[in-house]
Amino acid sequence: MQQQQSNRFFFKVDWITILIYMALCTIGWTNIHSAVYNPDKAFTFSFTAVDGKQLIFIISGLILGFVILLLESKFFSIFAPIVYGVTILLLIAVLIVGRNVGGNQAWIPIGSFRLQPSEFAKFGTALLLARYINTFNPKLTSFKSILACFAIIALPMALIMLQPDAGSTLVFLSFMFPLYREGLPGYLLVIFWVMVLLFILNLYMSQLTLIISILVIGITFIFLYRKKIQKVILIAIITVASIGYLFVAKFAFENVLKPHQRTRIEVNLGLKTDNKGAGYNVRQSKIAIGAGQVTGRGYLQGTQTKYGYVPEQSTDFIFSTIGEEWGFVGCTTVIVLYAFLLLRIINMAERQRSTFSRVYGYSLACIIFFHVFINIGMATGIMPVIGIPLPFISYGGSSLWSFTVLLFIFLKLDSNRMGFI
């Protein structure tokens, strides 16, 4: 009987997704080794070196993943509030006892290992958000339900911003899309993107010109709908709110963001040129990727990689190593693997009978997509440098374990989708 149950479990788990996961981890370790490889020294493998530590993280991550597969599916729903609470306590703890690295107090030192709570807060938030929607079945058109969902997301965001870690904070915006799938009004997403556009225009244009432009647009629509009082009032409120937002955005940019964060945004938007400062990483990364051409320079043969021209090349800019040594073919392979993984997760999410599993699946897909899009965008110069890792590939135990837990929880939920409601 136990043998039959074991066989059924083996059959139900999505092993193709696990193979993609293992392929990405292998690509990550291979390129991390290349990024830290020193051609002037004889090769000696050590578990205390960066590539040695990553191998430990991968093996322990796999063990952790398979332990998750052995748990009951209802475990994740029942203990979601506790998991969320623990991650919140860790985010508070890091503000008190955390180690400051690179201007961010985001790590808790545990011996030679550094734990980054913001990485684990992602699956804690995904679990509680899924639990809330599954338990209360809220109508996401009501203010109360929207506020409850946003409170679950905003609490870890606020604590991470205090570190301050703007990159990890922005990742939590990806939770808007699972909410949209569950009924969040589309106009809220439109408002979000309009706010992003106004923030960018606020940097490109003088504030007075932008205010006049908004007033002209607002007055034009008021004139068009002058016979419909309710619409006129709504347009007037939106116009005033948009102008007010310009002042808030300007204040936040100049007083909340740190100087290096402002510079990175300005360099990326073409408002400032800084090839030796904030723009140096991106410039060197683009050179490395461009040098790879079609098939790359060959493994361990990248000059930009070997001689450390690209800072943070085993973490934030690992994609530049792939580009230089494996070329267009290697970059395309990695992107295709991610695309296939994301499509598979979304397909799996849609076939879930449980709202909990579906919301969690979409949260997983959106978090991975956000990380991949921003990280590769950073390396290629189309996105600001906000310092977030490439899932399963970048060096780091907290990141790898967090994404492993995120993925394997969903694999467990999917394996038992017919029996978990």
Side-chain angles (χ1 to χ4, degrees), residues 6-7 9-37 45 47 49-71 76 119-120 122-123 126 296 299-300 314-315 318-319 321-323 325-326 329-349 360-361 363-373 375-376 388-417:
S6 177
N7 290 338
F9 167 76
F10 184 87
F11 178 75
K12 287 180 180 179
V13 173
D14 193 276
W15 293 99
I16 293 177
T17 300
I18 293 177
L19 288 174
I20 297 171
Y21 160 81
M22 293 178 69
L24 289 169
C25 288
T26 302
I27 290 169
W29 185 86
T30 302
N31 286 280
I32 288 169
H33 171 69
S34 180
V36 300
Y37 172 72
F45 182 78
F47 284 110
V50 170
D51 49 355
K53 288 181 180 179
Q54 187 69 5
L55 185 59
I56 294 174
F57 297 149
I58 292 171
I59 294 171
S60 56
L62 271 171
I63 294 171
L64 179 61
F66 282 103
V67 168
I68 289 171
L69 293 179
L70 296 175
L71 298 174
F76 305 108
E119 291 292 336
F120 298 97
K122 296 168 191 172
F123 68 79
Y299 187 52
L300 302 179
S314 62
T315 52
I318 190 68
F319 193 73
T321 301
I322 297 170
E325 298 194 342
W326 304 97
V329 173
C331 291
T332 302
T333 300
V334 169
I335 292 171
V336 167
L337 282 172
Y338 278 124
F340 191 39
L341 176 64
L342 289 168
L343 290 172
R344 197 161 187 84
I345 291 171
I346 291 172
N347 180 60
M348 290 160 63
Y360 183 85
S363 298
L364 167 64
C366 291
I367 290 170
I368 291 177
F369 174 79
F370 189 94
H371 269 265
V372 171
F373 181 76
N375 184 278
I376 294 178
I388 61 174
L390 191 58
F392 313 116
I393 290 182
S394 291
Y395 170 76
S398 294
S399 171
L400 180 61
W401 290 341
S402 170
F403 280 111
T404 298
V405 171
L406 269 166
L407 180 62
F408 276 79
I409 287 176
F410 185 56
L411 288 173
K412 177 58 185 180
L413 295 175
D414 178 68
S415 72
N416 200 32
R417 65 184 179 277

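The first residue of the sequence shown is numbered 1, and numbering continues consecutively from there.
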Query raised in the report: Do Leu341 and Phe392 come close enough that some side-chain heavy atom pair is under 4.5 Å?
Result: yes
**Report entry** N/O donor-acceptor pair under 3.5 Å between Glu325 side chain and Gly296 backbone
**Finding:** no
Requested in this report: Work out which heavy atom in Arg344 is nearest to a heavy atom in Thr17; give both atom names and the distance.
Outcome: CD-OG1, 3.3 Å
Query raised in the report: Any side-chain heavy atom of Leu64 sitting closer than 4.5 Å to one from Phe408?
Result: no
Query raised in the report: Can you find a heavy atom in the side chain of Phe370 that is under 4.5 Å from one in the side chain of Ile388?
Result: yes
Report task. Answer yes or no: is there a side-chain heavy-atom contact under 4.5 Å between Ile367 and Phe123? Result -> no
Report task. Would you please classify the geometry between the Tyr299 ring and the His33 ring as parallel, tilted or perpendicular, with 30° and 60° separating the classes? Result -> tilted
**Report entry** Considering all heavy atoms, the nearest Leu411-Met348 contact
**Finding:** CD2-CE, 3.8 Å
Query raised in the report: Just how far is it from atom CD1 of Ile68 to atom CG of Leu413, taken to the nearest 0.5 Å?
Result: 10.0 Å
Query raised in the report: Can you tell me how far CD1 of Ile393 sits from OG1 of Thr26, rounded to the nearest 0.5 angstrom?
Result: 10.0 Å
Query raised in the report: So which heavy atom on Met22 is nearest to which on Leu62, and how close?
Result: CG-CD2, 4.3 Å
**Report entry** Gap between atom CH2 of Trp326 and atom OG1 of Thr332 - 0.5 Å precision
**Finding:** 14.0 Å
Query raised in the report: Would you say Ser415's side chain and Lys412's backbone share a donor-acceptor pair under 3.5 angstrom?
Result: yes
Report summary line: Test side chain to side chain contact (heavy atoms under 4.5 Å, CB included), reference Ser34, set Ile322, Thr321, Ile318, Asp51, output is Thr321
Query raised in the report: Do Trp29 side-chain atoms and Gln54 backbone N/O form a donor-acceptor pair below 3.5 Å?
Result: no
Query - Distance-minimising heavy-atom pair for Gly361 and Phe410 - result: CA-CE1, 3.4 Å
Report summary line: In this structure, CD1 of Ile20 is separated from SG of Cys25 (nearest 0.5 Å) by 12.0 Å
Query raised in the report: Of all heavy-atom pairs between Ile27 and Leu337, which one has the smallest distance, and what is that distance?
Result: CD1-CD1, 3.7 Å
Query raised in the report: Between atom CG of Asp14 and atom CG of Asn347, what is the distance when rounded to the nearest 0.5 Å?
Result: 9.0 Å
Query - Phe373, CZ: over 12 other non-hydrogen atoms inside 6.0 angstrom - result: no
**Report entry** Heavy-atom pair with the smallest gap, counting every atom of Val372 and Pro391
**Finding:** CG2-CD, 3.9 Å
Query raised in the report: Taking side chain as C-beta onward, heavy atoms only, is Phe120 less than 4.5 Å from Val405?
Result: no
Query - Atom pair OH/CG of Tyr338 and Leu390 - distance to nearest 0.5 Å - result: 3.5 Å
Query raised in the report: Judged by atom type as modelled, is there a donor-acceptor pair below 3.5 Å linking the side chain of Ser402 to the main-chain atoms of Glu119?
Result: yes
Query raised in the report: For the side chain of Tyr360 and the backbone of Leu406, is there at least one donor-acceptor N/O pair under 3.5 Å apart?
Result: yes
Query raised in the report: Do Phe369 and Ile346 pass the side-chain contact (heavy atoms from CB on, under 4.5 Å) test, and can you show the C-alpha distance, the side-chain angles, and the key distance before you say yes or no?
Result: CA-CA 11 Å; Phe369 174 79; Ile346 291 172; over 6 Å; no
Query raised in the report: With side chains defined as the heavy atoms from C-beta onward, is the minimum distance between Phe319 and Asn31 less than 4.5 Å?
Result: no
Query raised in the report: Are any of the side-chain heavy atoms of Ile345 and Leu407 separated by less than 4.5 Å?
Result: yes
**Report entry** Ring center gap for Phe403 and Tyr21 short of 6.0 angstrom
**Finding:** no
